[in-house]
Each structure stands twice: as structure tokens, then as C-alpha cells.
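Here is the naming used below: chain letters follow the sequence lines, and residue numbers restart at 1 for every chain. Just so we're clear, the structure is a prediction, and the values are computed from it rather than from any experiment.
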Number of protein chains: 2
Amino acid sequence: MEKLIAKYRKEGFKLTPQRLAILKFLEGNTSHPSAMDIYSEVKDAYPTLSFATVYNTLQALRNKGEILEITINPQKTHYDPNSKPHHHIICIKCKKIGDIFKDYSKVLQLPYDVVSEFKPLGNHIDFYGICMRCRKKERRYKL
Amino acid sequence: MEKLIAKYRKEGFKLTPQRLAILKFLEGNTSHPSAMDIYSEVKDAYPTLSFATVYNTLQALRNKGEILEITINPQKTHYDPNSKPHHHIICIKCKKIGDIFKDYSKVLQLPYDVVSEFKPLGNHIDFYGICMRCRKKERRYKL
DNA sequence: CATATAGATTAGAATAATTCTAATTTAATA
DNA sequence: TATTAAATTAGAATTATTCTAATCTATATG
Ligand SMILES: [Mn+2]
Ligand SMILES: [Mn+2]
Ligand SMILES: [Zn+2]
Ligand SMILES: [Zn+2]
């Protein structure tokens with residue numbers, strides 16, 4: 001965390017208590033929260049926090065490449081404080097999102113007609129599946 | 001088209017002129033249009049068409065599995081009338097979307113810790129790249 | 001430490017995508 | 001032709017996000 005703070009300060013990022021609280025909430029967070037999730041949580045610690053500040057901070061972090069937008073839910077953006085490229089698996093029942101740290105670039109050969117039109121730069125995979133909890137729930141139903 | 005119509009009628013889908021116009025617009029369309037794109041285009045042929053009907057029809061088609069939602073743009077949903085599973089490549093400059101018809105399932109082995117938590121069912125890949133047109137534009141700039 | 005100020009925070013308004021509502025119309029069936 | 005369940009519609013409601021403009025503050029400087 002100290003390292004993080006030093007880093008942001010060096011980048012000319014003004015370190016306000018609100019931002020520190022948001023950074024603290026996001027650090028190491030693997031829950032892929034929405035803006036509202038972040039606001040609700042952090043407001044407990046900083047009751048004067050405004051929604052606009054959450055969006056402002058998320059935008060600043062996005063511009064710095066510190067967080068990623070996750071477009072799994074067509075209705076609202078989720079955020080991922082892990083900016084190292086990785087993939088996701090989503091439970092089709094409860095929408096739980098898991099991280100997948102594996103680089104598939106070598107095995108993802110594109111067809112010729114695509115390569116002749118696009119110069120590929122990266123990729124992101126959404127896997128779909130059913131999580132343990134939902135599988136257990138299903139089993140219970142069937143009995 | 002005739003086949004499509006017969007199919008929908010059989011499924012108890014009331015065939016109104018509005019729906020026929022929307023279906024006609026979507027059939028074979030590879031542009032991945034938004035609801036607004038569809039509304040604008042189809043309104044020319046059916047000026048009384050309402051936005052609600054576009055959304056209603058898209059929802060009905062989605063429930064029937066005839067179209068897919070594309071969540072590339074965090075701000076609005078795009079639709080894909082090609083419901084056969086396939087992947088996409090997006091130009092990071094102009095957001096043009098290309099289709100990729102290739103099944104990568106065999107080469108997408110999931111790490112053990114993931115498989116032990118999720119039972120995988122499918123996958124969708126977003127490739128990122130730069131399209132021909134944007135590459136040409138870039139080159140022009142540099143000269 | 002006191003001051004200046006660029007940048008951050010805030011509440012609330014504005015915008016945009018999507019969904020809802022309730023009155024009206026219509027495709028399909030008998 | 002009459003019936004009716006389903007579809008259409010305009011406009012209101014909802015929700016996520018962005019904008020605005022007034023106020024505040026973290027940081028740099030003397
Ligand atoms: Mn992640
Ligand atoms: Mn497609
Ligand atoms: Zn689940
Ligand atoms: Zn392009």
C-alpha cells in the first residue's frame with residue numbers, strides 16, 4: 001500500500017482521503033465490483049463521499065492503466081483492479097466472476113481472412129460455466 | 001426469409017409489419033448494430049415504429065436464442081443476429097467489429113484451480129487489433 | 001508556518017440507454 | 001366477421017454515467 005501511495009504521488013495524483021479509501025478498497029480486490037459496489041462500501045468509512053468522486057477516481061485510474069473495465073453485464077460496468085492481462089469465467093446462474101491467469105495467445109491462431117484485415121494486438125476470453133455453489137443448489141433441486 | 005417467417009409463425013410469434021421490417025434488417029447483417037442503429041434504419045421504412053417495439057422485439061428474439069447481445073461497448077448493447085457461437089475482433093481505433101468463425105474450445109485448457117471451482121460450458125473471445133483502414137490512416141499521419 | 005493555486009470534491013442537474021405502463025390496435029383463429 | 005391474446009405505441013420511469021459550477025484542500029513555495 002505504501003508503495004502504491006508513493007507511486008501515485010510521483011505521478012502527480014493528489015492523495016485525498018477519499019482516494020486513499022477507494023484505493024484501499026480496490027487493492028487486491030478480486031470481486032470485480034461496480035461503481036455502486038465501491039461507493040456503498042467506501043461510504044461507510046467516508047460518509048461524505050460522493051458518487052461523482054468514485055467515478056472521477058475510477059476514470060483517473062483507468063487513464064493511468066491501473067484498472068480495467070469489465071463489460072460482462074450489459075447494464076453496468078464492473079472494474080478490475082488487477083490490470084495484468086487475464087481472462088474471466090462467469091457463472092451463468094449467479095454471475096460470480098473468477099480470474100484466469102494464463103496466456104493463450106500462442107494457441108489463438110486467427111484465420112487468414114481476419115489477419116489480412118486486422119493486425120491483432122491482444123485478446124480477452126470470457127468463459128461461461130456454473131460455479132460450485134450453483135451446482136450444489138441445482139443438485140439439491142433435482143432430488 | 002420465407003423460411004424464417006414460417007419458423008417464427010410456428011413458434012407462436014405474431015408477425016407484424018414492424019417485426020418483419022426488423023427481421024429483414026437483421027437477416028444476414030454483420031454490422032453488430034445497437035438498438036438505436038436498428039430503430040433509425042427501420043424507421044425509414046415504418047415511420048410509426050416506436051423505440052419500445054425495437055426493444056420488445058430484440059428481447060423476444062434474445063429469449064428465443066435468435067440473436068446475441070454483444071457487450072463490447074460499456075455504454076450500450078450491440079446485437080448480433082448470428083447466433084451460431086463465434087468470436088469477435090474489435091478495432092481499438094474505430095470500434096469496427098469483425099466476426100471470427102473458429103472453435104478454439106480444444107486449445108483453451110483451463111487451469112486446475114479454475115476447473116475445480118467452475119464447470120466450463122462455453123467461451124467467447126474478444127480479440128483487439130487495428131483494422132486496415134485505421135492502419136492506413138495512421139501511416140498517412142506519420143509521413 | 002502561511003499562502004497560493006491547481007486540482008479534487010461535492011450536490012445536484014443533465015444525458016442516455018433501457019424498461020415500464022396503460023391505452024389502443026391488430027394478427028391469427030374460429 | 002367476431003373474438004381475443006398478443007403487439008404496438010407514446011410517454012413516463014428508472015438506472016448508469018457524465019457534466020456543472022461552486023467550494024474545498026493537498027501540495028508546493030517563500
Ligand atoms: Mn479479473
Ligand atoms: Mn458477430
Ligand atoms: Zn454461481
Ligand atoms: Zn479501425
Side-chain angles (χ1 to χ4, degrees), chain A residues 2 4-25 32-43 45-64 66-79 95, chain B residues 2 4-25 32-43 45-64 66-79 95:
Chain A
E2 301 309 319
L4 260 189
I5 293 176
K7 174 180 173 190
Y8 287 126
R9 206 188 302 273
K10 206 183 312 169
E11 286 181 12
F13 195 79
K14 228 158 145 181
L15 287 172
T16 63
Q18 294 89 334
R19 278 182 174 175
L20 287 171
I22 292 170
L23 290 176
K24 196 169 156 198
F25 173 72
H32 307 89
S34 66
M36 176 56 104
D37 294 336
I38 297 167
Y39 176 67
S40 305
E41 281 283 327
V42 179
K43 201 174 172 54
Y46 285 84
T48 72
L49 180 74
S50 99
F51 220 138
T53 294
V54 173
Y55 275 106
N56 289 343
T57 302
L58 288 173
Q59 211 168 314
L61 291 171
R62 176 158 29 101
N63 292 340
K64 291 189 192 312
E66 299 290 341
I67 61 173
L68 299 174
E69 289 187 355
I70 308 281
T71 54
I72 274 163
N73 180 339
Q75 258 46 68
K76 62 182 160 183
T77 301
H78 288 245
Y79 296 89
K95 310 303 177 194
Chain B
E2 300 310 318
L4 261 189
I5 293 175
K7 176 182 173 189
Y8 288 126
R9 206 188 302 271
K10 206 183 311 171
E11 286 182 12
F13 196 79
K14 226 159 144 181
L15 288 172
T16 63
Q18 294 90 335
R19 279 182 172 174
L20 286 171
I22 293 170
L23 289 176
K24 195 167 155 196
F25 173 72
H32 306 90
S34 67
M36 176 54 106
D37 295 336
I38 297 167
Y39 176 67
S40 305
E41 281 283 327
V42 179
K43 202 174 171 54
Y46 285 83
T48 72
L49 180 73
S50 100
F51 220 138
T53 294
V54 172
Y55 275 106
N56 288 343
T57 302
L58 289 172
Q59 210 168 317
L61 290 171
R62 177 159 28 100
N63 291 342
K64 291 189 191 313
E66 298 291 340
I67 62 174
L68 299 174
E69 288 187 355
I70 308 282
T71 55
I72 274 161
N73 181 339
Q75 258 44 69
K76 62 182 160 183
T77 301
H78 289 245
Y79 295 88
K95 311 301 176 193

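One can place CG of L61(A) at 14 Å from C1' of dA8(C), the figure rounded to the nearest angstrom. Atom CZ in R62(B) sits roughly 7 Å away from atom P in dT19(C) (whole-Å rounding). One can place CZ of F13(A) at 19 Å from C1' of dA28(D), the figure rounded to the nearest angstrom. Y55(A) places its OH atom 16 Å from the C1' atom of dT10(C), with the value rounded to the nearest Å. For the pair Y46(B) OH and dT25(C) P, the interatomic distance rounds to 19 Å; values are reported in whole Å. Rounded to whole angstrom, the span from the CG atom of N63(B) across to the C1' atom of dT19(C) amounts to 14 Å. Taking atom CG of N56(A) as the reference point, atom P of dC19(D) lies 10 Å away to the nearest angstrom. Computed from coordinates, the Y39(B) OH to dA10(D) P distance equals 7 Å when rounded to whole Å.
Closest to the side chain of T16(B), from the set dT9(C), dT17(D), dA7(D), is dA7(D). Proximity note for R9(B) (side chain, C-beta onward) versus dT18(C), dG11(D), dA28(C): the nearest is dA28(C). Distances from the side chain of K76(A) to the nucleotides dA16(D), dT8(D), dC20(C) place dA16(D) closest. Considering only the side chain of S50(A), dA11(C) comes nearest among dA11(C), dA27(C), dA8(C).
The shortest distance between the side-chain N/O atoms of R19(A) and the OP1/OP2 oxygens of dT9(C) is below 4.0 Å. Of the side-chain N and O atoms in S34(B), none sit less than 4.0 angstrom from OP1 or OP2 of dA17(C). Residue T48(A) places at least one side-chain N or O closer than 4.0 Å to OP1 or OP2 of dT10(C). Distances shown here put a side-chain N or O of T77(A) below 4.0 Å from the OP1 or OP2 atom of dT17(D).
With a 6.0 Å cutoff to the six-membered ring centre and a 45° limit on the axis angle, R19(A) does not count as a cation-pi contact of Y8(A).
Side chains of T71(B) and I72(A) form no contact here, defined as non-hydrogen atoms less than 4.5 Å apart. Side-chain contact between K10(B) and K7(B) is absent, with no heavy atoms from C-beta onward closer than 4.5 Å. Here the side chains of L15(A) and I5(A) are in contact, with some heavy-atom distance below 4.5 Å.
Atom CD1 of I22(A) is separated from atom OH of Y46(A) by 10.5 Å, given to the nearest 0.5 angstrom.
Residue contacts shown for K14(B) include a base, since a base heavy atom lies under 4.0 Å away. Using a 4.0 Å heavy-atom distance criterion, T53(B) is classed as a base contact.
Along DNA chain D, the nucleotide closest to Q75(B) and the one closest to L49(B) are compared, and the more 5′ of them pairs with L49(B). Residues H78(A) and Q18(A) each lie close to DNA chain D; by heavy-atom proximity, the contact nearer the 5' end of the strand is made by H78(A). Annotation: of the two residues near DNA chain C, L15(B) and Y79(B), the 5′-most nearest-nucleotide partner is Y79(B).
Checked by atom type, the side-chain pair T53(A)/N56(A) shows no donor-acceptor distance below 3.5 Å.
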